[in-house]
Protein chains: 2
Amino acid sequence: MVKMVDVARLANVSTATVSRVLRNPESVKEHTRLKVLNSIEELNYQPNVLARHFRRNKTNTILVIVPNIANTIFSQIVRGIEATASEKNFRVLLGNTNRDVEKEYDFLNLLHQRQVDGLILLSGKIDHDILSELKDKYPLVLASEYVDDVEIATVCIDNIKSSFEATEHLIKQGHKRIGHISGPMNSLLSFDRLSGYNQALKEYHIDESKDLIREGDFSYETGYQQMCELLILPEPPTAVFAANDEMAMGAINASKKKGLSVPKDLAVVGFDNIRFSSIFDPGVTTIAQPAVEMGNIAMELLLQKLDDPDFENKRITLKSELIIRESCGSNIVETSQ
Amino acid sequence: MVKMVDVARLANVSTATVSRVLRNPESVKEHTRLKVLNSIEELNYQPNVLARHFRRNKTNTILVIVPNIANTIFSQIVRGIEATASEKNFRVLLGNTNRDVEKEYDFLNLLHQRQVDGLILLSGKIDHDILSELKDKYPLVLASEYVDDVEIATVCIDNIKSSFEATEHLIKQGHKRIGHISGPMNSLLSFDRLSGYNQALKEYHIDESKDLIREGDFSYETGYQQMCELLILPEPPTAVFAANDEMAMGAINASKKKGLSVPKDLAVVGFDNIRFSSIFDPGVTTIAQPAVEMGNIAMELLLQKLDDPDFENKRITLKSELIIRESCGSNIVETSQ
DNA sequence: ATCTGTAATGTAATCGATTACATTTTCAGT
DNA sequence: ACTGAAAATGTAATCGATTACATTACAGAT
């Protein structure tokens, strides 16, 4: 393996100069720089990244902890993160947890071991105290998820507002009995989506009913089960707002199974606008998060933190959008291609 | 940061002994070992991974190149890889290419730079010559995809056989005009799925027709488009075998759009058994690959290669399974929950 | 008690880039 | 031409674990 001394010898300079050419080209005279670059070329020199990491105690790698990479909302955010990261010559290590908190903690070891320089969390499950300790010790950004109390750099949408809009849309279709299948209640995001739903009901003077609110865990299966529960109520809902698209699809399939037709007998709205929402039949009306952009911004925030650990922990709120498809019975209908 | 010398000092031994306790415990006397372990505990010592990587010129990290991580078939394989990897204390770096060959080559730099110790490829797009050079220079395993000519450790299923079965299933339902929407023809896997289809037609004395074979690229969109093409033929097919589930769903939706009913007017079989195939309406009949197991085995093969670069490059072929759902009009019908 | 061979432990070089500090070069200003 | 400051380059220490080689401890044989 060619190393820096070899280049230095050939170019007739010191290793310090070679190193500077690579990391601080402007601090080296043009003439010398060209000599060095030529030698690098001639020897086909590639710096030893591991030595560099060791010496600088940095890896140019960041960790992204994802609850479920197979969910397109997360893979899109990751795509955004990667795009911005690779521009700045950063690598992205994916920590897929399948919604298992233990695995999250496992991945955090990578931070402690300095195998990664920073962290983007797409999951809000980690304990508050640990989170608040983390954000003081390492560059940390939350994306999509968020927490209160602790001040952490965050990119997200306004979940209360978008859930309000989703529910309002159902109300405007004339529905009065509207169910909600929520996400797991240990996450603030789930809580806010529920709040948006509640606020919409209140705003339009619709009585709340505890029976109509069911807790799921963002999986298709819980959407299916909870919908079954809702359907055996003495007075079942005529519409359902599910806290994500997978659960919405679960709810739709449960209703179909019971012989109901969506949207005629039951209107459904989801959340996230995952790829299959437009492929599914009926197309799922949903709230679209600007996922790729969210990833871009999350990475930009992290880069700033990496550069200056004291950089302000701002929260950036992006706009979401209601996408109307067939599942809610609106007359405005998108094609499913 | 506590380092090895600190532990050594406290335990009253040399750093060599501390290092041995960590890497070769059996070479250290029980008495000494305990002293050292106690000191490690007491000081809460964590070895500097970067220094270790540098010194050993190994990172205990492997790279997995994936065409599209949002596709559940790939995320399942990755899950299998990760499970086996983490047992052996290996990290998995995910290289998602979105089917872009350029990005594949980018990721290969990680190998050259020794940032990863080995590679599992889930894509068969890389140039033969490069592949054959790679496999001599680095531990390399192919999973799901495979190539001929070059001898590389591989885990896969028998795509010809399973496609034969899929097509045969349609034939046994009485279909005589069966279309095929293939994968991109630069991949051997697509080619084999086409071969299986052709062999089944031949076996059952059904005339082939070039018109009925359309090339897609494994995306929903091409499935949709190619099905549209098939439907405007003077004599359109009554059944279609698509080389993956996404294209099968595209085909189904295209037919629905034209007012056809699946499976009554058109029977469809897909490939891969992605998660959404059972959620889709109608449930997609498909070939299930043992994806997680495939990942496990791929990682095991790679570990063997990492251990001994001259380890035999065997190809392991796993069993696939035909999963019958509603889309093919069989009377044996699975529920879609 | 002495010798021998093996097991256990220690000493110190090593991996290769980075960088604090030292030295030399350059050049503007007189 | 000379001075002094700034720019360019060089010297050598440094990061922290690993490991080849050297030394010591110890058990068993004589």
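First the proteins, then the strands, lettered A, B, ... as listed; each starts at 1.
Qualifying salt bridge (charged side-chain N to carboxylate O under 4.0 Å, His left out) partners for B:Asp6, counting only residues two or more places apart in sequence or in other chains: B:Arg9. Every residue two or more places apart in sequence or in another chain was checked for a side-chain hydrogen bond (donor to acceptor under 3.5 Å, both in side chains) with A:Glu82, and none qualifies. By the side chain to side chain contact (heavy atoms under 4.5 Å, CB included) test, B:Thr84 pairs with B:Asn296, B:Met299, B:Glu300, B:Leu303, sequence neighbours left out. Qualifying salt bridge (charged side-chain N to carboxylate O under 4.0 Å, His left out) partners for B:Glu30, counting only residues two or more places apart in sequence or in other chains: B:Arg33.
Contacts between residues 41-49 of chain A and DNA chain C, counted as heavy-atom distances below 4.0 Å, involve A:Tyr45, A:Pro47, A:Asn48. Residues of residues 12-33 of chain A that place a heavy atom closer than 4.0 Å to DNA chain C, in numerical order, are A:Thr15, A:Ala16, A:Ser19, A:Arg23, A:Lys29.
Remark on the helix from C:dA1-D:dT30 to C:dT30-D:dA1: inter-end axis angle 40°, axes from five-pair C1' superpositions, rounded to 10°.
Between B:Phe54 and A:His53 there is no side-chain heavy-atom pair separated by less than 4.5 Å.
Close approach of DNA chain C to chain B, defined as any atom under 4.0 Å from a non-hydrogen atom of the protein, starts and stops at C:dA8 to C:dG16.
Sequence neighbours left out, not one pair with a member in residues 61-73 of chain B passes salt bridge (Lys or Arg N to Asp or Glu O under 4.0 Å). Residue pairs meeting the side-chain hydrogen bond (donor to acceptor under 3.5 Å, both in side chains) criterion with at least one partner in residues 34-47 of chain A, sequence neighbours excluded, are absent.
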Could you tabulate the donor-acceptor pairs under 3.5 Å formed by side-chain atoms of residues 127-141 of chain A, not counting sequence neighbours?
{"from": "A:Asp127", "atom 1": "OD2", "to": "A:Asp129", "atom 2": "N", "distance (Å)": "3.0"}
{"from": "A:Asp127", "atom 1": "OD2", "to": "A:Ile130", "atom 2": "N", "distance (Å)": "3.3"}
{"from": "A:Lys135", "atom 1": "NZ", "to": "A:Glu151", "atom 2": "O", "distance (Å)": "3.2"}

Between side-chain atoms of residues 15-22 of chain B and protein atoms elsewhere (two or more places apart, or another chain), which donor-acceptor pairs fall under 3.5 Å?
{"from": "B:Thr17", "atom 1": "OG1", "to": "B:Ser14", "atom 2": "OG", "distance (Å)": "3.4"}

